[in-house]
Asker: 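This structure is in structure tokens; I'll ask about it shortly.
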Amino acid sequence: MALFEIGDGNGLVPFRHLKGGTELYEREIESLVWDNLDDFLGGSLFRVARQPQIGSGGRPDIVGLDAAAHVVVIEIKRDVDRRQLAQLLEYAGWARSAGLDELARIYHLGAHRFFEDWQEFTESQVPLTISRPPRLVLVAREFHGRTAGAFEYLAENRVPIEVVEVSLYEDEQQRRFVDVGLDAVEPQDEPSGAVLERDGRVHTLLGGRRVRMVDLLDAGLLSPGQELIWERPRLGEIYRAHVTDNGSIRLEDGRTFSSPSTAATKAADIPAYDGWLAWKADGVLLKDLRNQLVQAVETDDST
């Protein structure tokens, strides 16, 4: 569908779809994904490395770990054909046998920091060991029909692979916008409006997409200006923030972030943290408010 801005006198001003060269798209989107994992993937990840040299000789775009200790391999491609699918599966072969020591060697903040940071992310006394299988994520502008069929086949057979469509736009004032679409490939048994378990992960879906802060505002579960508090008794630290009119989170120093996880990591100055499990509104975790919303939607759909 075409995307327009509503101009003066109800005129429609078209946005220009930025295609750019393959290298430009992949480089720019990779940086955006690395800095905003929660917004692109719908969940907090522990960032391990960008473009690391791995044992098989390849260089995946982004490697991370999720809260259930699955290795997550993210590839960014402007256009996807069978070669990119083969490359992603090659990286999966590496990830299915990678251990914490190997991930520590490629950690972007240095091997000496890895285990301490990983334990802080998981809030565990000992490092969580790797869970299998790995997760595969392909971020792309578009992909060819035959390749789409291959992805759907893999998803139907429970291969943990996700495809997220991302497009860039620019308006007449050269303001740039990024459109993060729904997962282009989802297993067939994942209905909308439910909290779902798959491969150790929790998926919270609303209308076929993952819940955002603005959804909690629209549902009346949060209100603009409401205070959010994150208490860390073990460290003796308390962080405060407020919900903005558009569903972002504003820290006490004025910095504003769209993602609860990014807001948490910036507030505490740590590499990664799941903000849905950090911030509370009137004593209730954002995660629990999110679950309330999808359960209410599920109840409405069933009546």
Side-chain angles (χ1 to χ4, degrees), residues 3 5-6 15 28-47 62 64 66-67 121 139 164-171 173-183 202-232 237-294 296-297:
L3 181 66
E5 179 181 3
I6 301 175
F15 283 76
E28 186 161 358
I29 296 301
E30 180 186 319
S31 294
L32 288 172
V33 173
W34 176 261
D35 291 334
N36 304 277
L37 284 170
D38 207 2
D39 293 299
F40 279 88
L41 304 184
S44 181
L45 287 184
F46 180 76
R47 296 170 178 83
I62 296 173
D66 66 18
F121 176 74
V139 176
V164 181
E165 293 182 318
V166 174
S167 295
L168 286 171
Y169 294 88
E170 185 175 281
D171 68 7
Q173 287 75 46
Q174 283 74 55
R175 293 179 303 172
R176 308 187 80 185
F177 303 83
V178 60
D179 180 20
V180 182
L182 304 179
D183 286 355
V202 177
H203 290 251
T204 312
L205 303 179
L206 183 69
R209 60 170 173 78
R210 290 168 177 80
V211 175
R212 301 171 304 202
M213 286 285 293
V214 70
D215 297 316
L216 302 183
L217 275 178
D218 292 342
L221 295 171
L222 289 175
S223 57
Q226 187 168 2
E227 185 178 50
L228 301 176
I229 297 176
W230 177 21
E231 298 184 68
R232 306 182 76 191
E237 297 175 343
I238 298 178
Y239 305 102
R240 301 180 187 275
H242 289 85
V243 180
T244 69
D245 292 344
N246 65 0
S248 295
I249 297 177
R250 180 178 292 115
L251 302 180
E252 289 185 298
D253 61 10
R255 290 180 295 168
T256 303
F257 304 98
S258 60
S259 156
S261 297
T262 305
T265 58
K266 298 300 183 181
D269 192 24
I270 55 179
Y273 204 90
D274 189 342
W276 294 94
L277 295 172
W279 301 106
K280 290 183 178 181
D282 294 329
V284 181
L285 281 172
L286 291 183
K287 182 200 73 167
D288 294 331
L289 293 177
R290 182 178 63 182
N291 290 348
Q292 287 180 35
L293 174 59
V294 294
V297 170

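Atom set for the values below is all heavy atoms of this structure, side chains included, hydrogens, waters and symmetry mates excluded. A quick note: this is a predicted structure, and the numbers were derived from the prediction, not measured.
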Asker: What's the shortest heavy-atom distance between T256 and S248, and which atoms?
Answerer: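 Heavy-atom minimum between the residues: CG2-CB, 3.5 Å.
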
Asker: Is the shortest heavy-atom distance from the side chain of W276 to the side chain of D38 under 4.5 Å?
Answerer: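 When only atoms from C-beta onward are counted, D38 and W276 do touch, with a gap below 4.5 Å.
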
Asker: Minimum heavy-atom separation for A272 and R47, please, with both atom names.
Answerer: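 Where A272 meets R47 most closely, the heavy atoms are CB-N, 4.5 Å.
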
Asker: Please list, chain by chain and in numerical order, all residues satisfying ring pair (Phe, Tyr, Trp, His ring centres under 6.0 Å) with F257, sequence neighbours excluded.
Answerer: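 Partners of F257 by the ring pair (Phe, Tyr, Trp, His ring centres under 6.0 Å) criterion come out as none, since no residue qualifies.
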
Asker: From L228 CG over to R240 CZ, what is the distance, rounded to the nearest 0.5 angstrom?
Answerer: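 It comes to 11.0 Å.
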
Asker: Report the residues that fulfil ring pair (Phe, Tyr, Trp, His ring centres under 6.0 Å) with F121, sequence neighbours left out, ordered by chain and then residue number.
Answerer: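 With neighbours one apart ignored, the set is F46, W118.
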
Asker: Testing the basics here: between A281 and Q226, what is the closest heavy-atom pair and its distance to 0.1 Å?
Answerer: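 Closest approach of A281 to Q226: CB-NE2, 3.6 Å.
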
Asker: Testing the basics here: between A278 and A264, what is the closest heavy-atom pair and its distance to 0.1 Å?
Answerer: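 Reported closest heavy-atom pair: CB-CB, 4.4 Å.
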
Asker: Taking all heavy atoms of L216 and all of L289, pick out the closest pair and write down the distance.
Answerer: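 Shortest heavy-atom separation between L216 and L289 comes out as CD2-O, 3.8 Å.
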
Asker: Quick one: salt bridge (charged side-chain N to carboxylate O under 4.0 Å, His left out) pairs with a partner in residues 244-262, sequence neighbours left out?
Answerer: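 Non-adjacent pairs meeting salt bridge (charged side-chain N to carboxylate O under 4.0 Å, His left out): D253-R255.
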
Asker: Hey, could you give me the CD1/CG distance between I249 and L286, rounded to the nearest 0.5 Å?
Answerer: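 I249 atom CD1 to L286 atom CG measures 6.0 Å (nearest 0.5 Å).
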
Asker: Could you give the distance from CZ (R212) to CG (N246), rounded to the nearest 0.5 Å?
Answerer: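 Going from the CZ atom of R212 to the CG atom of N246 covers 11.0 Å.
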
Asker: Would you compute the distance between atom CG of D274 and atom CG of L45 and round it to the nearest 0.5 angstrom?
Answerer: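 Here the interatomic distance stands at 9.5 Å.
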
Asker: Could you measure the distance from the CD1 atom of I270 to the CZ atom of R232? Nearest 0.5 Å is fine.
Answerer: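 Those atoms lie 4.5 Å apart.
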
Asker: Would you call N36 and S259 a side-chain contact if the rule is heavy atoms closer than 4.5 Å?
Answerer: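 No. Closest side-chain heavy atoms not under 4.5 Å.
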
Asker: Kindly give the heavy-atom pair with the smallest separation between L32 and F40, and that separation in Å.
Answerer: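 Taking L32 first and F40 second, the nearest heavy atoms are O-CE1, 3.6 Å.
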
Asker: Could you tell me the separation between the CG atom of D35 and the CD atom of E30, rounded to the nearest 0.5 Å?
Answerer: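 CD of E30 is found 10.0 Å from CG of D35.
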
